[in-house]
Asks: 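Input: one structure, supplied below.
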Amino acid sequence: MLINTQFILASSSKSRYKILKKLNLNFSTIKPICDEEKIKKNLKKTKSFQIAKHLAKAKAQSISQKHPKEIVVGCDTVLVFQNKIINKAKNLNEAFMKIKKLSGKKHKIISAVSVCKNNKQIWSYHQTSIVSLRQLNKNNIEDYLKKNGKEILNSVGCYQVELLGPTIIENIKGDFFNVMGFPLFPFLKFMQSQRI
């Protein structure tokens, strides 16, 4: 069954846009108004997956309150390494240090999605994948960053699994789309089951 329901994607993520656009879904995008760092700070003692779900909901509601009649989809992805959330790199130097830290080790990618209407959440979901990076030396990392450029800063893990990410990734346990930042299959199942 095809999904014809129109919705707003509360995200400025290119990866999420590409995932949904390739399915020819009927949606538009609006950048959410959400102070992610403030929310994370207020939820310090909260479990990582709950933080991702809270952020996804906050993003969706920031748009839903202005477009109450529309279906709004908010998303968030967090990277968890050694039980700590690691934020996006702000520049290529930070990206280098981040990849170096993750090199040869495993980390979690948790993506959450929230669907809202009339500023109320009607569905929420999160998914976890385990990503292992290859053992990388200084030259490997510098070469990788040179090939990717500042575009890599848009990725929470400083790798874009749909582009050059596989050249530094050893293994993924879990869903590919989840690592890209959107738990696609559960979302499609929900949308197909609803007559909103």
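Quick note: numbers below take in every heavy atom, side chains included, and nothing from hydrogens, waters or symmetry partners.
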Asks: Treating Ile, Leu, Val, Met, Phe, Trp and Tyr as nodes and any side-chain heavy-atom pair under 4.5 angstrom as an edge, say whether Val113 and Ile63 lie in one connected cluster.
Replies: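 No; tracing contacts between hydrophobic side chains, which count when under 4.5 Å, never links both residues.
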
Asks: For a side chain to side chain contact (heavy atoms under 4.5 Å, CB included) check, start with the C-alpha distance between Phe7 and Asn26, then their side-chain angles and the critical distance, and finish with the verdict.
Replies: CA-CA 7 Å; Phe7 63 93; Asn26 186 11; over 6 Å; no

Asks: Given 3.5 Å as the limit, does a donor-acceptor pair link the side chain of Asn118 with the main chain of Lys120, or not?
Replies: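 The answer is no, because no donor-acceptor pair under 3.5 Å joins these two groups.
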
Asks: If every non-hydrogen atom of Ile109 is compared with every non-hydrogen atom of Val179, which pair is closest and at what distance?
Replies: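 Heavy atoms only, the tightest pair is CG2-CA, 3.9 Å.
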
Asks: With side chain to side chain contact (heavy atoms under 4.5 Å, CB included) as the criterion, how do Thr5 and Ile71 come out once you've worked through the C-alpha distance, each side chain's angles and the decisive distance to 0.1 Å?
Replies: CA-CA 8 Å; Thr5 304; Ile71 301 300; 4.3 Å; yes

Asks: Walk me through whether Val131 and Ile169 qualify under side chain to side chain contact (heavy atoms under 4.5 Å, CB included).
Replies: CA-CA 7 Å; Val131 179; Ile169 293 172; 4.1 Å; yes

Asks: Answer yes or no: is there an ion pair linking Lys59 with Glu36, defined by an N-O contact shorter than 4.0 Å?
Replies: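 Salt bridge: yes.
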
Asks: Would you call Lys66 and Ile33 a side-chain contact if the rule is heavy atoms closer than 4.5 Å?
Replies: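 A side-chain contact exists here, since the closest heavy-atom pair is under 4.5 Å.
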
Asks: Could you list all the ring pair (Phe, Tyr, Trp, His ring centres under 6.0 Å) pairs where at least one residue sits in residues 76-95, not counting sequence neighbours?
Replies: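 Those involving residues 76-95 do not exist here.
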
Asks: How close do Ser114 and Ala60 get, counting heavy atoms only, and between which atoms?
Replies: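 Shortest heavy-atom separation between Ser114 and Ala60 comes out as O-CB, 3.9 Å.
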
Asks: Is it true that the side chains of Arg16 and Ser111 contain a donor and an acceptor less than 3.5 Å apart?
Replies: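 Not at all, the side chains of Arg16 and Ser111 share no donor-acceptor pair under 3.5 Å.
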
Asks: Quick check: closest heavy atoms across Lys98 and Asn87, and the distance to 0.1 Å?
Replies: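 Reported closest heavy-atom pair: NZ-O, 2.8 Å.
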
Asks: Side-chain heavy atoms under 4.5 angstrom apart, residues restricted to Ile, Leu, Val, Met, Phe, Trp, Tyr: same cluster for Met180 and Leu184?
Replies: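 As far as the 4.5 Å side-chain criterion goes, Leu184 and Met180 are connected within one cluster.
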
Asks: Looking at Lys138 and Glu142, is there a salt bridge between them, counting it only when a charged N and a carboxylate O are closer than 4.0 Å?
Replies: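 Salt bridge between Glu142 and Lys138, a charged N being under 4.0 Å from a carboxylate O: yes.
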
Asks: Starting from Phe96, can I reach Leu153 by hopping between I/L/V/M/F/W/Y residues whose side chains sit under 4.5 Å apart?
Replies: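 Yes; tracing contacts between hydrophobic side chains, which count when under 4.5 Å, links both residues.
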
Asks: Could you state the interatomic distance from CG (Leu133) to OG (Ser103), rounded to the nearest 0.5 Å?
Replies: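 So the CG of Leu133 and the OG of Ser103 are separated by 7.0 Å.
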
Asks: Do Leu92 and Ile168 belong together in a cluster built from hydrophobic side chains that touch within less than 4.5 Å?
Replies: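 As far as the 4.5 Å side-chain criterion goes, Ile168 and Leu92 are connected within one cluster.
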
Asks: Would one find more than 12 heavy atoms of other residues, nucleotides or ligands at under 6.0 Å from atom NZ of Lys108?
Replies: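 Open: at most 12 neighbouring heavy atoms sit under 6.0 Å from NZ of Lys108.
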
Asks: Compare every heavy atom of Gly181 with every heavy atom of Cys75, then report the nearest pair and how far apart it is.
Replies: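 Distance-wise, the nearest heavy atoms are CB-O, 4.3 Å.
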
Asks: Donor-acceptor pairs under 3.5 Å, side chain of residues 123-130 to any protein atom, not counting sequence neighbours: which ones?
Replies:
unit_1 : atom_1 : unit_2 : atom_2 : d
Ser129 : OG     : Asp175 : N      : 3.3
Ser129 : OG     : Asp175 : O      : 3.4
Ser129 : OG     : Asn178 : ND2    : 3.0

Asks: To the nearest 0.5 Å, how far apart are NE2 in His54 and CG in Asn42?
Replies: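 It is 8.0 Å, given to the nearest 0.5 Å.
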
Asks: Please check this pair: side chain of Asn148 against backbone of Tyr144, looking for a donor-acceptor N/O pair closer than 3.5 Å.
Replies: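 The answer is yes, because a donor-acceptor pair under 3.5 Å joins these two groups.
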
Asks: How many angstroms lie between CG in Leu23 and CG in Leu25, if you round to the nearest 0.5 Å?
Replies: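 Answer for the CG-CG pair, Leu23 versus Leu25, is 5.0 Å.
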
Asks: Does Glu151 pair with Lys14 as a salt bridge, N-O distance under 4.0 Å?
Replies: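 Judged by the 4.0 Å cut-off on N to carboxylate O distance, Glu151 and Lys14 do form a salt bridge.
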
Asks: Donor-acceptor pairs are to be reported for all side-chain atoms of residues 157-165 against protein atoms at under 3.5 Å, with residues two or more places apart or in another chain.
Replies:
unit_1 : atom_1 : unit_2 : atom_2 : d
Tyr159 : OH     : His107 : NE2    : 2.7
Glu162 : OE2    : Ser15  : OG     : 2.9

Asks: What is the distance from atom CG of Leu79 to atom CG of Leu102, rounded to the nearest 0.5 Å?
Replies: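 One finds 6.0 Å between CG of Leu79 and CG of Leu102.
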
Asks: Around Asn83, counting heavy atoms of other residues, nucleotides and ligands shown, do more than 12 lie under 6.0 Å from its CG?
Replies: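 No.
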
Asks: Evaluate side chain to side chain contact (heavy atoms under 4.5 Å, CB included) for Ile110 paired with Ile51, printing each intermediate quantity in order.
Replies: CA-CA 10 Å; Ile110 304 173; Ile51 292 174; over 6 Å; no

Asks: Hydrogens and angles aside, do Asn154 and Lys88 bring a side-chain donor and acceptor to less than 3.5 Å of each other?
Replies: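 Looking only at side-chain atoms, Lys88 and Asn154 do not form any donor-acceptor pair under 3.5 Å.
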
Asks: Same hydrophobic cluster for Phe49 and Leu43, using side-chain heavy-atom links shorter than 4.5 Å among ILVMFWY?
Replies: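 Hydrophobic grouping puts Phe49 with Leu43.
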
Asks: Which pair of heavy atoms, one from Ser48 and one from Ile85, lies closest together, and at what distance?
Replies: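 Nearest pair, atom of Ser48 first, then Ile85: OG-CG1, 3.9 Å.
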
Asks: Between Phe182 and Phe176, is the ring centre distance below 6.0 Å?
Replies: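 That pair fails the under 6.0 Å test.
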
Asks: Do other residues, nucleotides or ligands put more than 12 heavy atoms under 6.0 Å from the NZ atom of Lys100?
Replies: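 Not more than 12 within 6.0 Å, no.
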
Asks: Quick check for you: to the nearest 0.5 Å, what is the distance between Gln192 atom CD and Phe187 atom CZ?
Replies: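 CZ of Phe187 is found 10.0 Å from CD of Gln192.
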
Asks: To the nearest 0.5 Å, what is the distance between CE on Met97 and CD1 on Ile141?
Replies: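 Those atoms lie 9.0 Å apart.
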
Asks: Nearest heavy-atom pair of Thr46 and Gln50: which atoms, and what distance?
Replies: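 Scanning both residues, the minimum pair turns out to be CG2-OE1, 3.3 Å.
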
Asks: NZ of Lys105: more than 12 outside heavy atoms within 6.0 angstrom?
Replies: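 Yes - once you tally the heavy atoms of other residues, nucleotides and ligands closer than 6.0 Å, there are more than 12.
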
Asks: Got a donor-acceptor contact below 3.5 angstrom from the Lys53 side chain to the Asp76 backbone?
Replies: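 Judged by distance alone, no pair lies under 3.5 Å.
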
Asks: Do the side chains of Lys117 and Val72 get nearer than 4.5 Å, heavy atoms only?
Replies: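 The answer is no; the side chains never approach within 4.5 Å.
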
Asks: Is Lys147 close to Thr167 at the side-chain level, that is, under 4.5 Å between some pair of heavy atoms?
Replies: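 SC-SC contact between Thr167 and Lys147 ruled out.
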
Asks: With the side chain counted from C-beta on, respond yes when Leu9 and Leu20 share a heavy-atom pair under 4.5 Å apart, and no when they do not.
Replies: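 When only atoms from C-beta onward are counted, Leu20 and Leu9 do touch, with a gap below 4.5 Å.
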
